[in-house]
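Nothing here was measured: the structure is a model prediction, and the numbers come from that model. When a residue number appears, it is its place in the shown sequence, counting from 1.
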Amino acid sequence: MSVPIRPLHPVFAGEISGIDCRKPLRADEVAAIEAGMNHYAVLVFRDQNLTDQEQIAFTRHFGELENYNTAGHVRKREDQRLGSGIADFSNLDKNGEIMSGDDRVWFFKLGDRLWHSDSSFRPIPAKYSLLSARVLPSWGANTEFADMRAAYDALDERTKAEVEELICEHSLIYSREAIGFTDLTPEEIAAFRPVRQRLVRTHPASGRKSLFLSSHAGAIVGWTIPEARMFLRDLTERATAPMFVYSHAWRPHDLVMWDNRSTMHRARRFDRAEIRDVRRTTLAGDAPTVQQEALPPTQPAPMRNAAAHIAQ
Ligand code: MN
């Protein structure tokens, strides 16, 4: 069947048509969408008025949902507004009220405005994320995406050789520390302990290499922290130059699906007094980017650094 995709940017991102995400997909439709994802890395589905259950069912055509014992946020379980299988990325509390500007959940959410790849702080980072726009504020709130394959391709040969075998350490502690949010409980610090990820990944389907950058990355194995942070900051700046970035202006009922293995993204500012109700389903990745069991049993250095910093 024909599943037309209209390019939205010179190097990646496309708008797909001819798919009703509320209905079960045929195998050829799933294959066409997967092929589109392997090429475009970000696909926009317009006019998809989904319930949470429909979003979950659509997502499961492409793999298993992420399912972890540790939270990827500071919102307590009893304060969750939505059921399981779908994550609340709104600025609403469990009663549907706009959360306070000094709510620590809001502080934590602000960290999503840094460039990142979803779940890069987990031992097995995410495959796809799917974000559904239910209610949108009157201005702002774009989501920007950056193509980490094109960014890798554009590196000079010397830098490509330098990054090839590097291993980074990723943690939510690092990305939240970057915006001055250090108010974490000992339980949160334990849940957010760093994991290791390759800096250069090869996509299992397309075979393309990409930079696995994320604001969660706060250390490089074998490097000092300042040297690592400056290098990662420099690489991120180069990788998010306008030629690699697509900025998505949301319309109600847009569903945007992106491949976390080959892109970064960030949320953009909006009026906090207005409702932004967006909901995310996330697909689990297949494997760690490095063998986590090769880690020393206690990872003392990054934990001590992060904890010491937070205590200051
Ligand atoms: Mn995200």
Side-chain angles (χ1 to χ4, degrees), residues 9-13 37-42 114-129 145-175 178 193-246 258-266 284-296 299 301-302 305-306:
H9 181 277
V11 300
F12 75 133
M37 286 297 288
N38 292 337
H39 182 75
Y40 288 95
V42 178
L114 298 171
W115 286 108
H116 66 281
S117 174
D118 290 333
S119 295
S120 77
F121 53 85
R122 298 200 186 273
I124 299 178
K127 182 187 178 190
Y128 299 163
S129 294
F145 296 92
D147 186 343
M148 294 298 101
R149 307 164 302 179
Y152 174 84
D153 291 345
L155 294 175
D156 59 276
E157 293 305 316
R158 202 200 144 282
T159 306
K160 280 183 182 168
E162 187 172 24
V163 297
E164 179 67 26
E165 297 298 332
L166 291 181
I167 306 293
C168 297
E169 294 185 346
H170 293 233
S171 167
L172 282 163
I173 294 169
Y174 297 139
S175 52
R193 69 181 176 276
V195 302
R196 293 185 172 181
Q197 308 289 2
R198 293 187 60 87
L199 182 50
V200 177
R201 298 182 76 169
T202 302
H203 195 282
S206 71
R208 290 186 68 182
K209 286 186 175 180
S210 62
L211 283 173
F212 194 36
L213 289 167
S214 188
S215 62
H216 307 311
I220 298 174
V221 174
W223 292 39
T224 66
I225 293 285
E227 195 95 43
R229 297 265 173 111
M230 269 322 303
F231 186 57
L232 292 170
R233 186 181 285 212
D234 180 55
L235 280 177
T236 300
E237 186 177 310
R238 293 164 69 177
T240 56
M243 73 182 89
F244 307 128
V245 173
Y246 163 66
W258 64 88
D259 190 337
N260 289 294
R261 300 169 299 184
S262 48
T263 61
M264 281 204 291
H265 61 280
R266 65 174 176 179
D286 310 324
T289 65
V290 295
Q291 289 304 310
Q292 300 288 334
E293 55 270 28
L295 276 174
Q299 308 182 40
N305 287 346

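Between D153 and the options R208, R238, K209, a salt bridge (charged side-chain N to carboxylate O under 4.0 Å, His left out) holds for only R208.
Using a 4.5 Å cut-off on side-chain heavy atoms (C-beta onward), M264 and T236 make contact.
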query: Could you walk me through whether R198 and E165 pass the side-chain contact (heavy atoms from CB on, under 4.5 Å) check?
result: CA-CA 7 Å; R198 293 187 60 87; E165 297 298 332; 3.7 Å; yes
message: Apply side-chain contact (heavy atoms from CB on, under 4.5 Å) to residues W115 and V245 and explain how you reach the verdict.
response: CA-CA 11 Å; W115 286 108; V245 173; 4.0 Å; yes
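Across all their heavy atoms, S129 and N260 have their closest contact at OG-ND2, 2.9 Å. Heavy atoms only, all atoms of each residue included: L114 and S175 are closest at CD1-O, 3.4 Å. Nearest heavy atoms, L213 versus A239: CD1-CB, 3.9 Å. A pairwise comparison of heavy atoms in Y174 and A217 identifies CD1-C, 4.2 Å as the closest pair. I124 and G285 make their closest contact through CG2-O, 3.5 Å (heavy atoms, listed as atom of the first residue, atom of the second, distance). Pairing each heavy atom of S214 with each of S120, the nearest pair is OG-OG, 3.0 Å.
A donor and an acceptor atom, one from each side chain of D259 and H203, are located under 3.5 Å apart.
By the neighbour-count criterion of 12 heavy atoms within 6.0 Å, atom CD of E164 is densely surrounded, having more than that number from other residues, nucleotides or ligands.
Atom SG of residue C168 and atom CD of residue Q197 lie 9.0 Å apart, to the nearest 0.5 angstrom. Here CG of L211 is found 6.5 Å from CE of M148. Values are rounded to the nearest 0.5 Å. Atom-to-atom distance recorded for M243:CE and H9:NE2 is 9.5 Å, nearest 0.5 angstrom. Within the model, atoms CZ of R261 and CZ of F212 stand 10.5 Å from one another, a figure rounded to the nearest 0.5 Å. Taking CZ from R149 and OG from S210, the interatomic distance works out to 8.0 Å, rounded to the nearest 0.5 Å. Atoms NZ and OG, on K127 and S262 in that order, are 11.5 Å from each other to the nearest 0.5 Å.
Without hydrogens or angle criteria, H116 side chain to H265 main chain gives a donor-acceptor distance under 3.5 Å.
Using a 30° and 60° split on the angle between ring planes, F145 and Y246 fall in the parallel class, below 30°.
Taking the ring axis of Y152 as reference, the NZ or CZ atom of R201 does not stay both within 45° of it and closer than 6.0 Å to the ring centre.
Electrostatic pairing of R233 and E237 does not count as a salt bridge here, judged by no charged N lying under 4.0 Å from a carboxylate O.
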